[in-house]
Visitor: 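Mind looking over this structure? Questions follow.
None of these values were measured; they are calculated from a predicted model. Labels below follow one simple rule: chain letters A, B, ... track the order of the sequence lines, proteins then strands, and each chain is numbered from 1.
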Number of protein chains: 2
Amino acid sequence: MTKTRRRGVELEKAIFQATREILATEGLAGLTFPKVAAAAGTSKPVIYRRWKSPFELSLAAVQDQIKAENNGRTDEVVFTGDSLREDLMQVMKRFVISMNTFGQSYVTTFFSVLNQEQGTVISKIVEESSTIDIHAIDRVLERAQTRGEITTTAFSNDLKLLPFEWLRYHVFTRETIGDDKVKLLVDDILVPAYRHAGSASEKA
Amino acid sequence: MTKTRRRGVELEKAIFQATREILATEGLAGLTFPKVAAAAGTSKPVIYRRWKSPFELSLAAVQDQIKAENNGRTDEVVFTGDSLREDLMQVMKRFVISMNTFGQSYVTTFFSVLNQEQGTVISKIVEESSTIDIHAIDRVLERAQTRGEITTTAFSNDLKLLPFEWLRYHVFTRETIGDDKVKLLVDDILVPAYRHAGSASEKA
DNA sequence: TTATTTAAGAAACCAAAAGTTTCTTATTGA
DNA sequence: TCAATAAGAAACTTTTGGTTTCTTAAATAA
């Protein structure tokens with residue numbers, strides 16, 4: 001009988017997988033090297049040799065998943081709608097999908113809990129995705145302006161980010177985001193807001 | 001020299017105080033009975049006799065503070081504005097203030113981290129405050145309808161809760177919520193959204 | 001194929017900190 | 001003043017995270 005002994009990337013994949021499972025069930029606070037080793041069916045020294053802290057391991061595990069699922073990022077989408085509403089629906093639906101897959105554990109585990117230095121690392125990640133989100137909205141707005149649906153594309157970043165942040169909130173609270181929320185967002189919030197900017201009353 | 005030895009409510013207050021301090025600095029993950037005992041200047045058995053887990057203690061400590069600061073709840077506010085916009089500003093500003101005081105630690109510490117059963121307890125708390133929030137918005141909308149500013153008060157709870165949830169999101173991410181966000185919310189989001197409902201185009 | 005290198009896994013060990021028990025004594029109030 | 005209650009000190013147990021050592025499987029090259 002040949003004792004099978006995994007090593008290299010194969011072993012690493014198993015460790016990442018185990019890490020993500022613990023992250024999902026117990027959060028970052030419950031992630032310890034001994035637990036990971038047990039869950040991955042390997043030994044503690046293997047983990048300690050590779051990573052300095054559970055936090056670093058968690059980042060690696062999440063990035064591994066993002067890399068694996070990195071087909072169809074919100075960034076490089078081709079918009080095909082023929083109205084502001086259609087384009088917005090495309091952006092938001094795509095966002096919800098990516099959120100409900102890898103985003104689920106990624107966002108949920110990484111907020112709160114993080115003390116001092118760790119917070120900055122997460123801030124970086126959020127900032128990056130914010131850039132992508134804003135970029136997507138900008139393109140949608142430009143298309144809408146070309147069509148003549150809106151009269152300006154000059155909106156604050158706060159406004160542009162609001163829909164994404166609101167959806168993320170619901171990920172925090174472990175709710176499942178359904179089509180109803182997306183529809184509400186697009187039809188009752190975003191479209192009116194963007195159209196409203198062209199109107200008269202701009203109070204200071 | 002008389003050895004002073006606290007007991008009863010006096011002692012309990014000190015324990016709650018210490019609990020909140022640890023909660024604020026290290027989060028729920030860092031809250032342990034020995035630490036609380038040390039911080040409160042008492043002994044471990046005192047804590048162990050009263051609470052079953054750090055989580056239960058944390059709930060008690062936060063509720064204690066809520067009870068103490070329970071003057072001026074969003075619920076029983078008398079609205080004095082003479083427009084939909086004014087009333088909305090009052091609601092949201094009050095929310096931000098309460099959020100920036102006890103809400104700060106309360107919300108920040110309790111999301112994520114929570115595994116299974118704990119999540120449901122928190123959901124309860126959030127649900128309760130949601131009820132209050134919706135109630136406040138309802139009253140604002142009724143007043144606006146009476147004034148003739150809007151034609152209906154029939155909006156989904158999702159829509160009514162959106163502003164509160166968006167603000168809470170920013171509390172999560174440890175940002176400070178300024179007047180700019182409140183103004184954006186009221187002028188560029190809420191007022192247009194509520195007014196929009198009366199308009200023609202209601203797509204399915 | 002065999003020798004050599006690399007790295008995984010088992011097991012024993014250490015240290016720190018959470019949790020428990022016992023006993024003493026201050027405080028309250030009958 | 002005495003009895004009942006509850007706080008605090010201290011010793012102890014248990015758990016668990018982290019480290020070290022050694023054995024041996026797997027990969028690589030001679």
Side-chain angles (χ1 to χ4, degrees), chain A residues 1-61 64 109-110 113-118, chain B residues 1-61 64 109 112-118:
Chain A
M1 169 191 175
T2 348
K3 280 273 191 63
T4 180
R5 188 184 274 192
R6 298 163 303 179
R7 48 159 65 194
V9 280
E10 185 194 355
L11 180 61
E12 220 154 75
K13 281 285 175 194
I15 294 174
F16 285 149
Q17 177 62 33
T19 300
R20 278 183 236 115
E21 277 162 20
I22 293 175
L23 234 32
T25 55
E26 305 182 56
L28 187 57
L31 187 76
T32 64
F33 284 164
K35 274 189 205 164
V36 173
T42 183
S43 62
K44 294 192 281 179
V46 170
I47 318 284
Y48 282 100
R49 281 178 199 125
R50 291 168 199 240
W51 296 278
K52 284 217 296 287
S53 68
F55 178 65
E56 287 188 19
L57 170 58
S58 71
L59 281 182
D64 171 77
T109 42
F110 282 139
V113 209
L114 28 96
N115 18 340
Q116 56 274 19
E117 354 109 60
Q118 305 185 346
Chain B
M1 170 192 175
T2 347
K3 280 270 191 66
T4 180
R5 187 185 275 193
R6 297 164 302 179
R7 48 161 63 195
V9 281
E10 184 195 356
L11 180 60
E12 219 154 75
K13 282 283 175 193
I15 294 173
F16 286 150
Q17 177 64 32
T19 300
R20 278 182 236 115
E21 277 162 18
I22 294 174
L23 232 34
T25 56
E26 305 182 55
L28 187 58
L31 187 76
T32 64
F33 284 164
K35 274 189 207 164
V36 173
T42 182
S43 63
K44 294 192 281 178
V46 171
I47 317 285
Y48 281 100
R49 281 181 199 124
R50 290 169 197 238
W51 296 278
K52 284 216 298 288
S53 67
F55 178 66
E56 287 188 20
L57 169 59
S58 71
L59 281 182
D64 171 78
T109 43
S112 274
V113 208
L114 29 98
N115 16 339
Q116 54 276 17
E117 355 107 63
Q118 305 186 346

Visitor: Nearest to the side chain of A:Thr32 - D:dA10, D:dG17, C:dA18?
Guide: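 Selected nucleotide: D:dG17.
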Visitor: In whole Å, what is the span from the CG atom of B:Leu11 to the P atom of D:dA6?
Guide: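 Computing the B:Leu11:CG to D:dA6:P distance gives 12 Å.
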Visitor: Has B:Lys35 got a side-chain atom pairing as donor or acceptor with B:Gly30's backbone, closer than 3.5 angstrom?
Guide: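 Yes; at least one donor-acceptor contact below 3.5 Å.
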Visitor: Hey, what do you get for CZ (B:Arg20) to OG1 (B:Thr25), rounding to the nearest 0.5 Å?
Guide: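 Taking CZ in B:Arg20 and OG1 in B:Thr25, the distance rounds to 13.5 Å.
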Visitor: What is the distance, to the nearest angstrom, from the NZ atom on B:Lys44 to the P atom on C:dA16?
Guide: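 It is 15 Å, rounded to the nearest whole Å.
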Visitor: Could you work out which one of D:dA7, C:dG9, C:dT22 sits closest to the side chain of B:Arg5?
Guide: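 Looking only at heavy atoms from C-beta outward on B:Arg5, the closest nucleotide is D:dA7.
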Visitor: Measure CH2/A:Trp51 against C1'/D:dG17 and give the value in whole Å, please.
Guide: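 Those two atoms, CH2 and C1', are 17 Å apart.
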Visitor: Taking the side chain of B:Arg50 as heavy atoms from C-beta outward, which of D:dA7, D:dG17, C:dA11 is closest to it?
Guide: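 Of all the options, the side chain of B:Arg50 is nearest to D:dA7.
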Visitor: Check the distance between C:dG9's P and A:Glu12's CD and give it to me in whole angstrom.
Guide: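 To the nearest whole Å, that distance equals 12 Å.
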Visitor: Check the distance between D:dT21's P and A:Arg49's CZ and give it to me in whole angstrom.
Guide: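 Those two atoms, CZ and P, are 12 Å apart.
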Visitor: Classify the nucleic acid contact of B:Arg6 as base, sugar-phosphate or nothing, counting any heavy atom under 4.0 Å across all strands shown.
Guide: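 The answer is sugar-phosphate, as B:Arg6 gets under 4.0 Å only of primed atoms, P, OP1 or OP2.
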Visitor: Got a salt bridge between A:Lys52 and A:Glu56, using NZ or NE/NH1/NH2 to carboxylate O under 4.0 Å?
Guide: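 Counted as a salt bridge, because a side-chain N and a carboxylate O are separated by less than 4.0 Å.
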Visitor: What is the distance from OH of A:Tyr48 to P of D:dT19, rounded to the nearest Å?
Guide: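 Distance check: A:Tyr48 OH to D:dT19 P gives 6 Å.
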Visitor: From the options D:dG8, D:dA26, D:dG17, select the nucleotide whose nearest atom is closest to the side chain of A:Pro34.
Guide: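 Closest nucleotide among those given: D:dG17.
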Visitor: Any N or O donor-acceptor pair linking the side chain of B:Arg7 to the base of C:dT28 at under 3.5 Å?
Guide: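 By the distance-only test, no, there is no pair.
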Visitor: Which value, rounded to the nearest 0.5 Å, describes the distance between B:Ser53 atom OG and B:Tyr48 atom OH?
Guide: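 Reported to 0.5 Å precision, the distance equals 11.0 Å.
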Visitor: Distance check needed: D:dG8 P versus B:Phe33 CZ, whole Å only.
Guide: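 Atom-to-atom, B:Phe33 to D:dG8, this comes out as 16 Å.
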Visitor: Between A:Thr42 and A:Val36, is a side chain to side chain contact (heavy atoms under 4.5 Å, CB included) present by the stated rule, with each step listed?
Guide: CA-CA 8 Å; A:Thr42 183; A:Val36 173; over 6 Å; no
Visitor: To the nearest Å, give me how far apart CD1 (A:Ile47) and P (D:dG18) are.
Guide: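 So the two atoms are 12 Å apart, to the nearest Å.
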